[in-house]
Amino acid sequence: MKLLAELQLAVDSAKEAKPTPALARRAVALLDLTSLNDDDTEKSVAALCKRAVTPAGPVAAVCVWPRFVKTARKALKGTPVKVATVVNFPAGEDDGATVAADTRAALKAGADEIDVVLPYRSFIEGARTMPNKILHACREACGDGVTMKVILESGAFPDPDLLAWAGRDAIAAGADFLKTSTGKTNPAATLEAAALMLHTIGQTGRPVGFKAAGGIRDAATAATYLHLADALMGKGWAKPGCFRFGASGLLDSLLAELGEAPAVAPAEGY
């Protein structure tokens with residue numbers, strides 16, 4: 001992905017970042033601990049939720065399939081950890097009525113945050129009205145006080161200008177976060193896409209966050225994304241209200257950087 005020179009410099013600098021205990025502790029609080037596997041069960045989701053309050057503090061959220069929202073809500077009772085779920089996932093091909101109904105059902109079950117997939121294939125092929133209607137339907141179903149993260153599936157976009165356009169449209173439709181990927185395509189998250197998405201957020205001047213998801217599995221990689229966010233958005237910007245990592249395996253690497261062993265065997269996820 002060809003970037004503006006200043007963005008490429010920021011990416012190149014971020015690639016040199018090294019993990020430290022301070023960065024690892026910071027990243028734990030930014031984590032959406034995630035499992036979106038076809039073979040997930042109530043037992044595996046409950047085990048995932050047990051990992052969400054760590055020796056280094058709680059993660060930001062646990063992200064699970066809609067059918068497990070009630071399980072997660074029960075398991076996380078009494079903790080500050082939010083429950084996130086996905087709609088229009090992973091293909092981004094549901095209609096507006098389905099997206100709205102699924103969103104309302106997830107919120108009724110106890111979800112705090114909705115990660116919705118932009119109809120990215122249609123967008124890339126030139127459609128604009130339908131993708132916007134899908135996002136507006138989700139936003140309306142979310143109402144006020146519910147965080148809506150829009151998954152752009154950045155790795156599918158053929159050029160940066162189109163990805164930036166999708167980001168701007170998502171923000172105009174009411175996105176609280178722009179998110180890189182479902183984790184089901186390759187490539188998933190990249191520093192180049194992250195730089196472009198952060199730059200797009202900054203250009204709008206709106207209080208919109210960023211979520212890096214897909215293939216972020218170790219503290220070293222997390223350090224590069226935090227370094228990038230600090231460079232482009234300012235030190236201190238990357239807090240749970242405006243920056244997240246979507247991952248599961250990442251947690252163990254962060255705890256290892258802090259000298260902490262995982263309390264429970266890790267659940268698989270993206």
Side-chain angles (χ1 to χ4, degrees), residues 1 3 7-8 10-19 23-36 59-63 82 84 86 89-90 113 115-118 120 147-157 160 163-164 166-167 170-171 175-202 208-254 257 269-270:
M1 180 177 287
L3 299 173
L7 295 183
Q8 189 59 56
V11 167
D12 292 342
S13 177
K15 289 178 179 178
E16 301 300 318
K18 304 298 181 185
L23 279 173
R25 188 173 299 277
R26 183 180 171 197
V28 167
L30 304 174
L31 182 60
D32 283 4
L33 191 58
T34 299
S35 190
L36 295 167
V59 302
V62 167
C63 186
K82 296 183 182 298
V86 291
F89 187 97
E113 303 181 348
D115 290 23
V116 57
V117 180
L118 172 79
Y120 61 93
T147 297
M148 185 177 87
K149 311 188 197 94
V150 176
I151 305 169
L152 301 183
E153 203 65 282
S154 57
F157 280 76
L163 179 58
I171 292 170
D176 296 302
F177 277 74
L178 299 183
K179 177 178 172 181
T180 54
S181 176
T182 61
K184 305 294 185 180
T185 63
N186 187 35
T190 66
L191 284 171
E192 288 78 9
L196 183 67
M197 291 164 70
L198 288 165
H199 179 66
T200 300
I201 290 168
V208 175
F210 169 76
K211 179 174 174 178
I216 301 168
R217 298 186 176 91
D218 56 55
T221 305
T224 65
Y225 281 90
L226 284 176
H227 183 94
L228 182 68
D230 287 345
L232 295 180
M233 309 301 284
K235 291 188 180 297
W237 180 84
K239 296 178 181 178
C242 55
F243 188 100
R244 302 285 181 86
F245 290 111
S248 62
L250 174 60
L251 178 58
D252 291 337
S253 179
L254 296 175
E257 185 69 28
Y270 73 78

Return the set of residues passing salt bridge (charged side-chain N to carboxylate O under 4.0 Å, His left out) with Lys15 (not counting sequence neighbours), or none when no residue passes.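 Salt bridge (charged side-chain N to carboxylate O under 4.0 Å, His left out) list for Lys15, sorted by chain: Glu192.
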[X] versus [Y]: any side-chain heavy-atom pair under 4.5 Å?
X	Y	answer
Leu33	Cys63	no
Ile171	Phe177	no
Asp115	Val150	no
Thr224	Val11	no

Please identify each residue that fulfils side-chain contact (heavy atoms from CB on, under 4.5 Å) with [X], with sequence neighbours left out.
X	answer
Pro19	Ala219, Ala220, Ala223, Glu257
Ala156	Tyr120, Ile124, Glu153
Ser13	His227
Ala231	none

Could you note down all residue pairs passing salt bridge (Lys or Arg N to Asp or Glu O under 4.0 Å) where residues 24-34 supplies at least one of them, sequence neighbours left out? Arg26-Asp230, Asp32-Lys149, Asp32-Lys211, Asp32-Arg244
Could you tell me which non-hydrogen atom of [X] sits nearest to which non-hydrogen atom of [Y], and how far apart they are?
X	Y	result
Ala10	Leu232	CB-CD2, 3.8 Å
Ala222	Ile216	N-CG2, 4.3 Å
Leu118	Ala166	CD2-CB, 4.0 Å
Leu3	Ala195	CD1-CB, 4.3 Å

Can you name the residues that form a ring pair (Phe, Tyr, Trp, His ring centres under 6.0 Å) with Phe210, not counting sequence neighbours? Phe243
Kindly compute the distance separating [atom1] ([X]) from [atom2] ([Y]), expressed to the nearest 0.5 Å.
X	Y	atom1	atom2	answer
Leu163	Leu196	CG	CG	5.0 Å
Leu254	Leu31	CG	CG	7.0 Å
Ile201	Cys242	CD1	SG	9.0 Å
Leu178	Leu152	CG	CG	5.5 Å
Lys179	Ser154	NZ	OG	11.0 Å
Trp237	Leu198	CH2	CG	5.5 Å

For Thr182 and Val117, what are the C-alpha separation, side-chain angles and deciding distance, and is it a side chain to side chain contact (heavy atoms under 4.5 Å, CB included)? CA-CA 8 Å; Thr182 61; Val117 180; 3.9 Å; yes
Answer yes or no: is there a donor N or O on one side and an acceptor on the other, between the side chain of Tyr225 and the main chain of Thr190, under 3.5 Å? yes
Among all residues two or more places apart in sequence or in another chain, which pass the side-chain hydrogen bond (donor to acceptor under 3.5 Å, both in side chains) test with Thr221? Asp218
Contacts of type side-chain hydrogen bond (donor to acceptor under 3.5 Å, both in side chains), residue Asp12, not counting sequence neighbours: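 Result, side-chain hydrogen bond (donor to acceptor under 3.5 Å, both in side chains) vs Asp12: Gln8.
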